[in-house]
Amino acid sequence: MDFHKLEKKWQNRWEKEKIFEVKKSKKEKYYVLEMFPYPSGSGLHMGHAFNYTIGDILARFKRMQGFNVIHPMGYDSFGLPAENAAIKNKSHPKKFTEDAIKNYISQQKELGLSYDWSRMVTTSSPEYYKWDQWIFLKLFEKGLAYKKTSPVNWCSECNTVLANEQVQNGHCWRHENCKIKIKKLNQWFFKTTEYADELYDGLEKLEKWPNSIKKLQKNWIGRSFGSEINFEINNKTWPIFTTRPDTLFGVTFLVVSAQHNELDSLVTDEQKKKVEKFVKKLSSVSAEDIDKLEKEGVFTGSYAIHPLTKEKIPVYAGNFVLADYGCGMVMAVPAHDQRDFEFAKKYDIPIKTVVSQIGKESKLDKAFTNPGVLINSGKFNKLDSENAKTEITKELISKKLGKKTKNFRLRDWLISRQRFWGTPIPIIYCEDCGTVPVSEKDLPIKLPDNIKFKGSDNPLKENKEFLEVKCPKCGKVGKRETDTMDTFVNSSWYYLRYSDPDNAKKIFDKSKANYWAPVDTYIGGNEHACMHLIYIRFFTKFLRDLGLLEFDEPVVRLFNQGMLHGEDGDKMSKSKGNVVLPESVSKEYGIDTARLFLISIASPDKDIDWDTKGIEGSSKFLNKVFEKISNIKLGKTDARLASKINKTIKEVSEDIESFRYNLAVIKLRSLFDSIEEISKKDLESALKLLSPFCPHIAEELWSKIGGNGFISLSKWPKFDESKINEKFDKEDELIDKLVNDINNIAAIVGAKKNVFVYVLPQEKQTYLDNVEILKVRTGISDITIYAVNDKDKKDPENKSKKVKPGRPGIHFE
RNA sequence: GCAGGUGUGCCGGAGUGGUCAAACGGGAUGGACUCAAAAUCCAUUAGCUUAGUGCUUACGCAGGUUCGAGUCCUGUCACCUGCACCA
């Protein structure tokens with residue numbers, strides 16, 4: 001059967017009749033979303049198909065269950081690859097992107113996905129990115145978008161700063177040979193840390209998220225409680241964060257980050273040269289090597305005053321202190337921190353033990369980092385670490401020398417990109433007024449069509465038409481910001497735009513957004529655990545606080561699908577030559593076959609390998625089903641089949657709901673295997689069960705048996721508990737057992753002749769009903785069933801005496 | 001270093017305290033059908049044993065909890081992933 005041809009037919013009909021387009025209504029909604037793709041030049045591969053199929057099955061199931069299902073698709077179409085392609089081909093990235101999207105759409109349509117295409121969004125269109133800019137202005141207004149100078153990741157091949165996730169093992173994700181440099185630049189940030197607590201605590205409420213993702217996010221946000229302690233340096237107060245205030249008396253030096261913005265103010269004239277040399281040396285070190293560096297530092301020449309002992313403590317600049325965590329400076333307690341210990345050894349700084357396991361001092365060959373009992377700590381001696389933390393902090397608070405505080409590992413989100421193909425940041429720099437936001441009515445700030453790429457530099461910098469602008473405040477000549485936004489900004493709220501994609505006046509209609517959103521089930525890979533899935537939560541909370549949303553979390557249930565590998569078990573990639581394209585599989589077997597195969601290998605959250613032999617298996621099954629149902633004899637469903645159908649409806653419904661697609665397929669296989677004569681209604685039910693998985697074949701068979709309308713829009717079958725009878729399963733077991741026994745004995749006897757089976761009278765009918773099956777499965781043509789009380793039975797060995805329930809006697813002749 | 005995950009027959013994988021663990025698929029072997037092949041159907045696929053449903057072994061390894069463990073706990077090994085000088 002040419003499934004491919006048949007699939008085209010149904011895809012066209014679905015599209016023509018717009019059956020997957022939905023509107024807000026009184027019906028209960030259900031929002032199924034798969035993470036939208038970046039439309040790359042190479043198109044979709046089977047891994048994408050896997051992702052979308054998982055969502056499509058759920059969407060089709062929910063739709064048939066009667067929910068008003070929104071299942072949209074769009075394109076995350078800003079980004080570097082399009083720009084690089086444009087540079088190479090001397091064209092505009094828009095052209096490249098539009099072509100890629102066209103290709104994606106046609107490929108996705110071939111997968112038979114039940115999207116509402118009328119809701120498509122494309123993030124690189126001005127109608128969309130206008131609202132990125134609008135959100136930026138709102139963030140700016142609330143002080144949550146700001147510019148600061150800090151050390152950032154820089155790729156010299158891409159010529160831009162990068163997000164942390166675009167740095168892999170210290171190298172750029174696109175340029176394996178390009179080591180990431182740490183540069184100090186003035187950049188735009190979104191203040192994600194403003195919501196750090198809520199982002200952290202909110203995870204508890206996300207019951208339908210995988211624990212692994214929640215843990216990743218918790219680690220990423222990394223909340224730690226501690227104290228901030230004020231040290232005085234050159235008559236200025238420097239707060240320092242620590243989680244170990246109990247070791248305060250062991251502080252023998254301070255270390256300030258070599259990248260600290262105010263480092264200069266600490267450096268004395270005679271140390272200036274040494275410090276400068278040190279900082280310079282460090283700036284040439286790549287991100288990859290930075291963690292391999294030995295702990296090094298240089299004395300700044302300044303001394304701090306210990307808040308409690310009033311001792312003089314030297315201040316060093318060090319390479320192991322982060323500028324953007326805590327206060328960018330640490331109090332070093334070499335006796336109780338391994339890094340500080342190494343540093344102290346190297347520079348011959350005293351090591352003072354203040355915590356001890358047994359309450360006595362002992363020699364250390366490495367730092368003692370466990371909690372213990374305080375010594376050498378004045379009036380705090382003999383307290384254990386836990387109490388000491390509280391008491392010392394109390395003392396500091398009372399003397400106004402510190403406070404209790406918490407710190408996050410989460411950094412504010414660096415969103416500037418020194419590239420062209422992204423959302424322009426709506427900011428104007430005016431000589432008189434400084435940094436001025438564009439006014440809302442001037443949005444969108446469009447990317448110019450007329451551009452010239454010079455090498456890999458951002459062409460906006462040369463584009464007068466774009467660059468030169470009047471200051472909205474004073475009207476004088478100003479200059480536009482030429483950096484664009486990280487593409488993750490676009491993807492942080494796209495799920496809301498689907499609810500009202502064509503709204504030209506507002507980001508979205510409030511009532512529409514709050515009807516459709518939040519997303520009920522969101523499907524995608526776990527590589528987004530700490531980036532996209534944090535940003536989308538951040539944006540949701542911000543938009544809520546603007547009064548636009550009535551919920552706190554964007555995604556109710558998150559599902560992480562596994563990764564599809566090539567047949568060799570490696571990640572699918574062009575260079576490895578193991579990429580499988582949906583088109584080619586579709587042509588050979590039909591896309592329904594591929595869909596079925598992808599989800600029957602394993603639970604969809606597991607990584608799987610493509611397998612040519614495996615798809616043959618799915619193909620065999622579907623061909624069998626197609627043949628069988630095409631030539632089916634409609635009639636009556638017997639009780640055995642009715643039991644099976646009802647049981648399957650029950651179980652498959654549960655399996656789909658909980659993403660046990662692989663188990664659902666097993667049950668469907670078994671169901672279709674046992675269909676012979678069946679009523680029209682029951683056959684319709686069986687096809688409905690198949691339809692979310694293999695929608696085209698199901699539509700075709702549906703129309704063949706005279707089903708009403710589209711099966712895709714039909715009502716999901718209900719099961720009748722009273723028709724489920726476990727008796728039939730038990731009977732099957734009896735037959736299995738008997739077949740086994742007969743085969744077993746036959747093998748020992750070495751001959752297959754007449755077989756006499758002796759069973760209990762009440763079991764006789766069951767065996768008689770299945771005698772033909774017995775014959776086929778044992779390969780023995782003469783099988784006679786006797787009840788033990790049959791008078792004229794042939795039983796030379798008196799086997800019938802040993803017969804027990806479910807345990808027939810067997811005699812071979 | 002920190003955090004998380006995984007480890008089950010020839011292979012992919014079901015199975016998370018209890019009817020004899022291995023569903024289902026794939027592969028292999030044998031058989032039926034066929035002149036033959038493909039397709040289809042049936043059987044076998046840890047070991048021993050027996051004219052039968054019995055025994056042994058077995059869920060990475062070692063312990064433990066339990067009447068009972070693949071499943072829970074502790075330790076350990078291997079592999080994978082993420083973060084990584086976070087004070």
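The sequence lines fix the lettering, A, B, ..., with proteins before strands; numbering per chain opens at 1. Computed from a prediction, not measured in an experiment: that's the story for all the values here.
- Base orientation of B:rG5: anti, since the glycosidic angle falls outside 90° of 0.
- Of the N and O atoms on the side chains of A:T193 and A:D412, at least one donor lies less than 3.5 Å from an acceptor on the other residue.
- Atom CG in A:L622 sits about 17 Å away from atom P in B:rA39, given to the nearest Å.
- Remark: B:rU81 base-pairs with B:rA3. Criterion, Watson-Crick or G-U wobble with two distances under 3.5 Å.
- For the pair A:K606 and B:rA14, the criterion of a side-chain N or O lying under 4.0 Å from OP1 or OP2 is met.
- The pairing partner recorded for B:rC59 is none, the criterion being a Watson-Crick or G-U wobble arrangement whose two distances lie under 3.5 angstrom.
- Checking B:rA87, B:rC24, B:rA3 against every side-chain atom of A:S224, the shortest atom distance belongs to B:rA87.
- Base pairing of B:rU45 is made with B:rG27, judged by Watson-Crick or G-U wobble geometry with both donor-acceptor distances under 3.5 Å.
- At a threshold of 4.0 angstrom between heavy atoms, the contacts of A:G809 include nucleobase atoms, whether or not backbone atoms are also involved.
- Across all strands shown, nothing is found opposite B:rG9 as a Watson-Crick or G-U wobble partner with both distances under 3.5 Å.
- Salt bridge absent: A:R244 and A:D337 never bring a charged side-chain N and a carboxylate O closer than 4.0 Å.
- Contact annotation: A:K613 side-chain N/O to B:rC11 OP1/OP2 distance is not under 4.0 Å.
- Under 3.5 Å, the side chains of A:E567 and A:T612 contain a donor-acceptor pair of N or O atoms.
- In this structure B:rC67 sits in a base pair with B:rG18, meeting the Watson-Crick or G-U test at under 3.5 Å.
- A salt bridge links A:K218 with A:E204; the closest basic N to acidic carboxylate O contact falls under 4.0 Å.
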